[in-house]
Amino acid sequence: MTNVRGEDGRLTFDLMPMGKVVQVKDRDARVWTGTRTLDKDGSFFKMVSIRIVKEIKRIFEYFKPLAPHDTKTSKS
């Protein structure tokens, strides 16, 4: 119930009061995503390059502990 990261974790906690939340493990259940990011960046190579550079710049952030927060009251 603490240190929830990312949109999926936040969504899960927000849905819990409305009912039971379960993980779908069926191979036929697939996530569909569009190609908007690829279209915006121009090519697959450029898209990957941009992300690699971005992650290299913030590599040291991975080693810093997150501040504790209450998942029921925090908004980020």
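This chain uses plain numbering: 1 for the first residue, then up along the sequence.
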Return all side-chain donor-acceptor pairs below 3.5 angstrom for residues 42-54, not counting sequence neighbours, or 'none' if the list is empty.
from, atom 1, to, atom 2, distance (Å)
Ser43, OG, Lys46, N, 3.1
Ser49, OG, Phe45, O, 2.7
Arg51, NH1, Asp41, OD2, 3.1
Arg51, NH1, Met47, O, 2.9

Residues in salt bridge (charged side-chain N to carboxylate O under 4.0 Å, His left out) with Arg30, at least two apart? none
Quick one: side chain to side chain contact (heavy atoms under 4.5 Å, CB included) partners of Gln23, sequence neighbours excluded? Lys25
Partner set under side chain to side chain contact (heavy atoms under 4.5 Å, CB included) for Val24, not counting sequence neighbours: Asp26, Ala29
